[in-house]
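Presented below is the structure to which this report refers.
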Amino acid sequence: MLRRHLLAATAAGLAAPATLRAQGAWRPERPVTIIVPWAAGGSTDQMARIVATELEEAFGQRFVVVNQPGASGSIGTRNAMQAAKDGYTWTAGAAVDVGCYKVLGLLDTMLADWHLFFTVANVNTIAANPGSGYRDFGQLLQAMQTRRDIAVATAGQSSAGRNMMEAIRAASPNVNYRNAPYDGGNPAVLATVAGETPVVAQLLVEMAEMIRGRRLIPLAVQADTPITLQGFGEIPSIKRWLPNIPTPLNYFGIWAPKGVPDPVIQAMSQVWETRVKNSQRLKDYADSRAAVFAPLHGQAAHDAAWVMVRQTAWLYFDAGAGRVSPDTLGIQRL
């Protein structure tokens with residue numbers, strides 16, 4: 001038994017990057033947990049499982065993805081906050097969520113409370129069930145300006161889809177819709193495919209396969225220019241109809257709360273620079289789903305995500321969804 005443990009430890013040490021071994025940097029001695037605070041199959045889950053594979057190969061240790069959905073991602077995020085700050089528990093998702101939880105009254109945390117490690121930036125998209133009758137965003141916009149009962153599937157209060165819908169409402173004050181929340185982006189997309197709702201607003205990475213399979217009709221992307229999806233073609237920019245709508249990038253990755261020992265963060269930063277920035281898996285994932293490969297970490301990650309946090313926090317507050325004024329938290333309007 002002792003011999004097996006020694007052999008396993010030796011194998012893990014040999015599997016780790018030479019730079020980590022040579023510098024005596026932190027390496028996990030047992031499996032590391034990455035909490036995905038959303039349902040399986042969604043954008044966070046997709047990304048986290050690819051990252052886990054990269055980290056397993058880099059550190060020579062298992063990185064286990066655990067789904068803990070609920071309360072717009074705040075339950076799993078809180079569990080990561082409350083876990084021992086030893087480097088063995090991380091969480092994943094969209095940085096705008098952790099940046100806005102306090103505004104929404106869901107969780108007492110801010111973006112600056114976390115060590116951020118990004119992989120991709122995703123594009124918000126709105127799509128329709130083929131039987132809904134909506135063939136472009138202009139038709140849906142007109143319907144939402146004259147009706148109040150159009151159900152739009154999203155992943156909940158602080159999800160990318162809800163953010164997009166509130167941005168649409170702010171850019172066109174006469175818009176009304178009924179938010180239909182699900183436990184994650186994948187359930188929201190599948191609900192619209194099944195006809196439970198006529199429309200879904202979520203991330204393009206979550207609906208790419210359904211669009212390619214002609215089971216969803218993409219109406220618009222929340223981007224400055226049209227986006228080309230492999231195997232489908234061009235999806236128009238929402239700016240064709242709403243030229244003043246903001247289009248910040250939505251950064252996704254993994255993070256650990258401040259208080260985790262510095263050697264852990266230094267080792268992860270080193271792996272991000274030497275491996276994640278060159279990850280063909282993540283590049284292929286981004287290319288196939290029209291995402292942006294964005295392997296940022298540290299202050300650069302915070303500064304990049306802060307743009308969308310500022311825009312989204314005030315969207316929530318102006319719409320009456322915020323419980324805390326963003327300016328009291330140091331979040332100024334753009």
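No experiment lies behind these values; they were computed from the predicted model shown. Side chains included, hydrogens not; waters and symmetry mates left out as well; all remaining heavy atoms used.
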Legend entry - Tyr182 side chain near Thr154 side chain, heavy-atom distance below 4.5 Å: no
Inset, instruction - Would you please say whether a donor-acceptor pair under 3.5 Å links the side chains of Thr197 and Thr192? - result: yes
Inset, instruction - Spell out, as yes or no, whether a donor-acceptor pair under 3.5 Å connects the side chain of Ser237 to the backbone of Ala223. - result: yes
Inset, instruction - Kindly indicate whether the side chain of Phe317, heavy atoms from C-beta on, has any atom under 4.5 Å from the side chain of Ser325. - result: yes
Inset, instruction - Please check if the side chain of Ser132 supplies one atom and the backbone of Tyr134 the other of a donor-acceptor pair under 3.5 Å. - result: yes
Inset, instruction - Compare all side-chain heavy atoms of Val199 with those of Leu140 and state whether any distance is below 4.5 angstrom. - result: yes
Legend entry - Backbone N/O of Arg169 and side chain of Tyr177: donor-acceptor pair under 3.5 Å: no
Inset, instruction - Kindly indicate whether the side chain of Val51, heavy atoms from C-beta on, has any atom under 4.5 Å from the side chain of Phe63. - result: no
Inset, instruction - Measure the CD1-CD1 distance between Ile238 and Ile245 for me, rounded to the nearest 0.5 Å. - result: 4.0 Å
Legend entry - Check: Ser172/Gln145 side-chain N/O donor and acceptor closer than 3.5 Å: yes
Inset, instruction - List the atom of Asn250, the atom of Ala160, and the distance in Å for their closest heavy-atom pair. - result: ND2-CB, 3.6 Å
Legend entry - Contact check, side chains of His297 and Glu273, non-hydrogen atoms, under 4.5 Å: yes
Inset, instruction - Report yes if some heavy atom in the side chain of Met210 is under 4.5 Å from a heavy atom in the side chain of Val189; otherwise report no. - result: yes
Inset, instruction - Indicate yes or no for a side-chain donor-acceptor contact from Asp97 to the backbone of Gly93 under 3.5 Å, with no hydrogens or angles considered. - result: no
Legend entry - Test side chain to side chain contact (heavy atoms under 4.5 Å, CB included) applied to Ile331 and Val103, step by step: CA-CA 10 Å; Ile331 304 175; Val103 173; 4.1 Å; yes
Legend entry - Any donor-acceptor N/O pair, Asp113 side chain to Met110 backbone, under 3.5 Å: yes
Legend entry - Polar contact flag, side-chain donor to acceptor under 3.5 angstrom, Tyr285-Gln46: yes
Inset, instruction - For the residue pair Asp284 and Gln280, confirm or rule out a side-chain donor-acceptor distance under 3.5 Å. - result: yes
Inset, instruction - Verify whether one side chain among Thr247 and Asp224 offers a donor that lies under 3.5 Å from an acceptor in the other. - result: yes
Inset, instruction - Report yes or no: do Ile168 and Leu315 belong to one cluster of Ile/Leu/Val/Met/Phe/Trp/Tyr joined by side chain heavy-atom distances under 4.5 Å? - result: no
Inset, instruction - Look only at the side chain of Thr44 and the backbone of Val36, and say whether a donor-acceptor pair between them is shorter than 3.5 Å. - result: no
Legend entry - Under 3.5 Å donor-acceptor, Arg289 side chain and Val205 backbone: yes
Inset, instruction - Nearest 0.5 Å please: distance from the CD1 atom of Ile211 over to the CD atom of Gln230. - result: 13.5 Å
Inset, instruction - Flag the pair Tyr251 / Trp306 as yes when their ring centroid distance falls below 6.0 Å, and as no otherwise. - result: no
Inset, instruction - Taking all non-hydrogen atoms of both residues into account, name the closest pair between Asp136 and Gly138 and its distance. - result: OD1-N, 2.9 Å
Legend entry - Tyr101 side, atom OH; Met81 side, atom CE - distance, nearest 0.5 Å: 10.5 Å
Legend entry - Main-chain N/O of Ser159 paired with Trp38 side-chain donor or acceptor, under 3.5 Å: no
Inset, instruction - Using modelled atom types only, decide if a donor and an acceptor are shared between the side chain of Arg162 and the backbone of Ala153 within a distance under 3.5 Å. - result: no
Inset, instruction - Inspect the contact between Glu54 and Arg49 and indicate whether a charged nitrogen and a carboxylate oxygen are less than 4.0 angstrom apart. - result: no
Inset, instruction - Kindly indicate whether the side chain of Gln61, heavy atoms from C-beta on, has any atom under 4.5 Å from the side chain of Arg27. - result: no
Inset, instruction - Report yes or no: is the cationic atom of Arg30 (NZ for Lys, CZ for Arg) closer than 6.0 Å to the six-membered ring centre of Tyr88, at no more than 45° off its axis? - result: yes
Inset, instruction - Check step by step if side chain to side chain contact (heavy atoms under 4.5 Å, CB included) holds for Trp114 and Thr77. - result: CA-CA 11 Å; Trp114 300 85; Thr77 305; 3.7 Å; yes
Legend entry - Lys102 side chain vs Leu329 backbone, donor-acceptor pair below 3.5 Å: no
Legend entry - Straight-line distance of Leu203 CG to Gln222 CD, nearest 0.5 Å: 10.0 Å
Legend entry - Phe117 and Trp90 aromatic centres sub-6.0 Å: yes
Legend entry - Distance-only donor-acceptor check, side chains Asn186 and Asp45, under 3.5 Å: no
Inset, instruction - Test Met144 against Asn176 for side chain to side chain contact (heavy atoms under 4.5 Å, CB included), laying out the working first. - result: CA-CA 5 Å; Met144 290 192 297; Asn176 291 288; 5.9 Å; no
Inset, instruction - Give a yes-or-no answer on whether the side chains of Glu206 and Ser43 include a donor-acceptor pair shorter than 3.5 Å. - result: yes
Inset, instruction - Could you tell me the separation between the CG atom of Leu229 and the CZ atom of Arg212, rounded to the nearest 0.5 Å? - result: 4.5 Å
Legend entry - Check: Asn124/Gln202 side-chain N/O donor and acceptor closer than 3.5 Å: no
Legend entry - Test item: Arg281 and Thr53 side chains (from C-beta on) under 4.5 Å apart, heavy atoms: yes
Inset, instruction - Nearest 0.5 Å please: distance from the CH2 atom of Trp255 over to the NE2 atom of His302. - result: 12.0 Å
